[in-house]
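Only a predicted model underlies this, so the values are computations on that prediction, with no experimental measurement involved.
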Amino acid sequence: MRGLGLIGLVLALLVVGLVAKKQMGSVAAPVLPTVTGEMTTDKAGTADNARDQAQRVQQQVKDALDAAAKTRQMPDDN
């Protein structure tokens, strides 16, 4: 009887291991977004482009945090 329980446990662990391996194999690497805008070759233009991009990213993060922190309007309980 114990042998049957042990065989069941080993089979369950085998199934869990195979499912975990399949799940880990299907994970794709995240794709980084491309930089939009005009690419310049001079140093001043590149610095301005990088500064503008950094400000856009900061604004997007701030907007996302504000939206997440905003309390949801709940209907009044009557």
Side-chain angles (χ1 to χ4, degrees):
M1 195 55 117
R2 285 187 178 181
L4 188 60
L6 183 60
I7 291 172
L9 179 63
V10 169
L11 286 175
L13 287 175
L14 179 67
V15 169
V16 169
L18 289 174
V19 169
K21 183 178 178 182
K22 184 178 178 183
Q23 289 282 332
M24 294 300 287
S26 66
V27 174
V31 177
L32 297 175
T34 58
V35 177
T36 58
E38 185 177 301
M39 298 300 288
T40 57
T41 56
D42 60 343
K43 289 185 179 183
T46 305
D48 289 341
N49 190 16
R51 186 178 305 116
D52 292 341
Q53 182 182 6
Q55 288 175 348
R56 282 193 306 269
V57 170
Q58 287 176 349
Q59 186 63 40
Q60 288 173 350
V61 170
K62 182 178 180 230
D63 292 343
L65 288 174
D66 288 343
K70 186 184 290 188
T71 58
R72 189 185 325 176
Q73 298 293 330
M74 300 297 286
D76 292 336
D77 293 331
N78 291 329

Say you draw a straight line from CG of Leu9 to CG of Leu4; how long is it, rounded to the nearest 0.5 Å?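 It is 11.5 Å, given to the nearest 0.5 Å.
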Tell me, please, which residues at least two apart from Asp63 pass side chain to side chain donor-acceptor pair (under 3.5 Å).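 Expected list: Gln59.
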Partners meeting side chain to side chain donor-acceptor pair (under 3.5 Å) with Arg51 (sequence neighbours left out):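 Counting only residues at least two positions away or on another chain, Arg51 forms a side chain to side chain donor-acceptor pair (under 3.5 Å) with Asp48.
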Name all residues meeting the side-chain contact (heavy atoms from CB on, under 4.5 Å) criterion together with Gln58; count only those two or more places apart in sequence or in a different chain, and write none if there are none.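 Listed in chain order: nothing, the list is empty.
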